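Down below is the structure, laid out as structure tokens.
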Number of protein chains: 2
Amino acid sequence: MSAGRTARERVRAELTREITDIARRQLAVDGAGGLSLRAVAREMGMVSSAIYRYFPSRDDLLTALIIDGYNAVGEAVEKADAACPREDHAGRWMAVCHAVRDWALTHPHEYALLYGSPVPGYQAPMDTVVAAVRDTVVYGRILSEAHAAGTLNPPDVCPPAPAPFGADAVRVREVMPGVPDDVVARALVAWTGLFGWVNFELFGQFNNVILDPATAFDHAMRCHAALLGLPVAATAPPHGK
Amino acid sequence: MSAGRTARERVRAELTREITDIARRQLAVDGAGGLSLRAVAREMGMVSSAIYRYFPSRDDLLTALIIDGYNAVGEAVEKADAACPREDHAGRWMAVCHAVRDWALTHPHEYALLYGSPVPGYQAPMDTVVAAVRDTVVYGRILSEAHAAGTLNPPDVCPPAPAPFGADAVRVREVMPGVPDDVVARALVAWTGLFGWVNFELFGQFNNVILDPATAFDHAMRCHAALLGLPVAATAPPHGK
DNA sequence: AGATAAACGAGAGCACCGCTCTTGACGATC
DNA sequence: GATCGTCAAGAGCGGTGCTCTCGTTTATCT
């Protein structure tokens, strides 16, 4: 079962992988719009129509790259979380934030493909959603464990979550069992705040304004941690330069 | 000065406007990637090359649409703010949030053009930045006035802003004079949180999870208001259906 | 072992795109 | 009335995604 049984299946898997590799390289250079099947074929010494034996359309190739991207950021988040002491829930949250930002900064076009504007006419198939929530699962687990450990003490500053929110909260709670509605709401605030910040930084809204985004980002995520009720220190960790 | 003096200038201005109108309509249907100069020309009964008399390249047409978009959302924000009592700073913040979200929901492709992934190879010229900050100026003025009125009382939950952040804070403070560093930091948190939420909602990250985004959004923005120190009520306003 | 079916690469071709260049007609200005 | 700048039109270049057909190769079934 190491690879496909027949020689044909083996070379097919290898070529498929080569296509996605080249496509990812092009993506990193030119962005999603610059991804060209013909260019991929040219670089492989093939003819453009041959690519369609492996990916029936450009969108299917994009889907493969999107799934790979979600898995890459999910894996980065998982590793960052795993490197922290289990009981340091605030540190794990901060590690997740920095992992997302670091991955986004090193893979800007892939990040844009995942969290930027959807490519026009492209409909994300169901295959993507399972990979898309890998990072969210990690995030939810941190909150869930912090709540179970009793270290999640959200300050009494927000108004109580409105009753109709409860219906949505039960769905979000699937990735953070046991967490009460008010904290679920704050979890959404922090999660959207994390990606909102990275979007601003990556898509240029901070240009000429925030010149030291690393410092500001770290502090902003600490504010989110504080609102969540995670006990967070003031000074920045030794992370980054 | 109502319009250009000569007849030639008048018809030129009119045609330029017609081009942007058609382009905006195409943008609303097919998104930024689907914007085609040839299609615009076809709809105008012109030949494609004639468009280049008015916009030297596709990117220049995009720039015009981007500037229009920034002005549109800026105007929506200004109107929403102006409709509130001056001293109700929390209400004004909530009005701004809902104005941004409502405009984004009614103009999703234009919003994506402004706040989504940058189109590959496109470099935003300087003309765009002045229009881009119209909404931010409104936001900053609300905070500045609330601070001056003494109604801005941020709860003591966040760690103090690190010293290196001060350099960036002075630039942000240009749109919110008088506001101390700690509040400037929280202002960035709230602002990125607002657009981060709208991005998630518009770009599909909430699909199958948040089914009542209006309710959740309103509450999330109230949480941000609370963190900012704006006195905010619990229940939702009569806004929307 | 031989026949059958599936998979494959190559090539031509379609309709579209952004963009450039040239040409001839029109209109404002001196 | 001549001139000069502006304009729409057309042809054309190189690029794109995608389809179809054509021989060839490979795996599988009888």
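Chain A is the first sequence line, chain B the second, and so forth, proteins listed ahead of strands; every chain is numbered from 1. This one's a predicted model, so the numbers in the text were calculated from it and none came from an experiment.
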### Task
Mind checking B:Leu61 for me? I need base, sugar-phosphate or nothing, with any heavy atom below 4.0 Å counting as a touch.
nothing

### Summary
In whole angstroms, the gap separating P of C:dC16 from CZ of B:Arg42 amounts to 7 Å

### Message
Considering every strand and a 4.0 Å limit on heavy-atom distances, what is the contact class for B:Leu35: base, sugar-phosphate, or nothing?
### Response
sugar-phosphate

### Query
Does any N or O donor sit under 3.5 Å from an N or O acceptor when you compare the side chain of A:Arg8 with the base of D:dA27?
no

### Task
Using only side-chain N and O atoms of A:Ser48, determine if any of them is under 4.0 Å from OP1 or OP2 of D:dT16.
no

### Whole-Å distance separating the CG atom of B:Asp30 from the P atom of C:dC17
10 Å

### Query
B:Arg10 has an atom CZ; how far is it from atom P of D:dC7, in whole Å?
15 Å

### Query
Between B:Glu43 (CD) and C:dC16 (P), how many Å, whole number?
15 Å

### Task
For A:Met44 and C:dG9, give me the distance from atom CE to atom P, rounded to whole Å.
8 Å

### Query
Where the side chain of A:Arg58 is concerned, which of C:dA10, C:dC19, D:dC18 is the nearest nucleotide?
D:dC18

### Task
Measure from the side chain of A:Met46, starting at C-beta and using heavy atoms only, and say which of C:dA10, C:dG18, D:dA9 lies closest.
C:dA10

### Query
Can you tell me if B:Arg141 uses its side chain to pair, donor with acceptor, with the backbone of B:Val175 under 3.5 Å?
no

#### Entry: Value in whole Å for how far the P atom of D:dG17 lies from CD1 of A:Ile19
13 Å

#### Entry: Check against side-chain contact (heavy atoms from CB on, under 4.5 Å), B:Tyr111 and B:Asn199
CA-CA 9 Å; B:Tyr111 176 88; B:Asn199 280 344; 3.1 Å; yes

### Query
If we ignore angles and hydrogens, is there a donor and acceptor under 3.5 Å between the side chains of A:Asp60 and A:Ser57?
yes

### Message
Does A:Arg17, at its CZ atom, have more than 12 non-hydrogen atoms belonging to other residues, nucleotides or ligands within less than 6.0 Å?
### Response
no

#### Entry: Residue whose nearest DNA chain D nucleotide is more 5′ - A:Pro56 or A:Ala39
A:Ala39

### Check: D:dA27 base within 3.5 Å donor-acceptor of A:Thr6 side chain
no

### Query
To the nearest Å, how far apart are B:Tyr52 OH and C:dT23 P?
21 Å

### Message
On DNA chain C, compare the nucleotides closest to B:Arg53 and B:Ser57; which residue's is nearer the 5' end?
### Response
B:Ser57

### Message
Does D:dC7 have OP1 or OP2 under 4.0 Å away from a side-chain N or O of B:Arg12?
### Response
yes

### Query
Has A:Tyr54 got a side-chain N or O lying under 4.0 Å from the OP1 or OP2 atom of C:dG9?
yes

### Task
Output the single nucleotide from C:dC19, D:dA8, D:dG17 whose closest atom is nearest the side chain of B:Ala50.
D:dA8

### Message
Students often mix this up, so state it plainly: with edges at 30° and 60°, are the rings of A:Trp197 and A:Phe206 parallel, tilted or perpendicular?
### Response
perpendicular

### Query
OP1 or OP2 of C:dG11 sitting under 4.0 Å from any side-chain N/O of A:Ser49?
no

### Task
Start with the C-alpha gap between A:Leu194 and A:Met221, add the side-chain angles, then the distance that decides, and say whether side-chain contact (heavy atoms from CB on, under 4.5 Å) holds.
CA-CA 7 Å; A:Leu194 161 60; A:Met221 295 307 112; 4.0 Å; yes

### Query
Which whole-number value in Å describes the distance from A:Ile51 CD1 to C:dG11 C1'?
15 Å

### Message
Given the structure, check if the side chain of A:Arg38 and the base of D:dG15 hold any donor-acceptor pair shorter than 3.5 Å.
### Response
no

